[in-house]
A.B. asks: 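Before we start, here is the structure in question, set down as structure tokens.
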Amino acid sequence: MSDTFALVFFGDCVGQPGRRALKAAMPAVRERYAPAVWVVNGENLRGGSGITPDQFHDLHEAGFNAVTLGDHAFREPRIVPLLDDPAIPICRPANLSQKGPGKRWIRIPAVGGRTRDVFVATVLGRIFMNLPADDPFACADALIASLPERDAIVIIEAHMETTAEKAALAHHLDGRVTAVIGSHTHVPTADARILPSGTAFITDVGMCGPYASIIGRDPKGVLRAMTTGVHTHYEMGEGGERACGCVVLIDSATGRARSIERLDYPLAGS
Ligand SMILES: [Fe+2]
Ligand SMILES: [Fe+2]
């Protein structure tokens, strides 16, 4: 039995270009890291905003053990019954209204020689975000305390706009969770590292999507809106598709991260 296992986390999967890049990357990632746990943020799959039940099932059948969401969690109402179902591994951000629907964390059961369950949860930031969310620091504390295991292997996704808020959350949780993984900006950062008390951290894993764009959208519409102040519908971008994420090597006995490394897989021919 191995004393470590790999967990991969891919960033916000944006529309069909993102799905194509993600699916194309999976064989090479499997070959290189043999991940025991696969997680992806699916908040942008439905034309850039939200996720349909079919899109969730497609990811699940492809091998993803957990699908997380962010500020676009409820944009596609048909996903709500899946969010409410305890047996379906998709969750909404934990610090949205407690009266809102949906699970606040996912438990990924141990299988295949891995001896420990893994818990995954997302918290939204409060700075420059357009959804009202509760305090992510207090939410993460309460969530850890409420889990059915003590000293569990916990992955917290920091779905936030600012680098400082993510780093602050990571330092707040250092030594108490296995990893704090940033998402939401759709732009990867080059700062993957292990914090002083052992928590793995990266400010943003970036998106799985078309990088020849403005964070996944066609530049024409975004520029029209930003230069005239008149908002128009944003089309999906295309070109430069890549699947970006990170891989965390986890010590099965201690639950601590041994390493964190960025993943960046360009789609061939894009
Ligand atoms: Fe996103
Ligand atoms: Fe987001």
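Order of listing sets the numbers, starting from 1, for every ligand and every atom in it.
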A.B. asks: Tell me yes or no: between the side chains of His159 and Asp71, is some donor less than 3.5 Å from an acceptor?
C.D. replies: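 Result is yes, a qualifying pair exists.
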A.B. asks: With a distance cut-off below 6.0 Å to the six-membered ring centre and an angular limit of 45° from the axis, does Arg107 pair with Phe119 as a cation-pi contact?
C.D. replies: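 Geometry flag: not set, cation outside 6.0 Å or 45°.
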A.B. asks: Holding to side chain to side chain donor-acceptor pair (under 3.5 Å), I want the full list of residues that pass it with Thr232, two or more places apart in sequence or in another chain.
C.D. replies: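 Expected list: none.
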A.B. asks: Shortest non-hydrogen contact from Ala121 to Trp105?
C.D. replies: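 Closest heavy-atom pair between Ala121 and Trp105: CB-CB, 3.9 Å.
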A.B. asks: Would you find a donor on one side and an acceptor on the other, under 3.5 Å apart, between the side chain of Glu165 and the backbone of Arg126?
C.D. replies: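 It does hold such a pair.
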A.B. asks: On the 0 to 90° scale, with breaks at 30° and 60°, tag the Phe64-Phe10 ring pair as parallel, tilted or perpendicular.
C.D. replies: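 Geometry flag for Phe10 against Phe64: perpendicular rings.
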A.B. asks: List-wise, which protein N, O or S atoms are found short of 2.8 Å from the Fe ion (ligand 2)?
C.D. replies: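 Glu43 OE2, Asp71 OD1, His159 NE2, His184 ND1, with waters left out.
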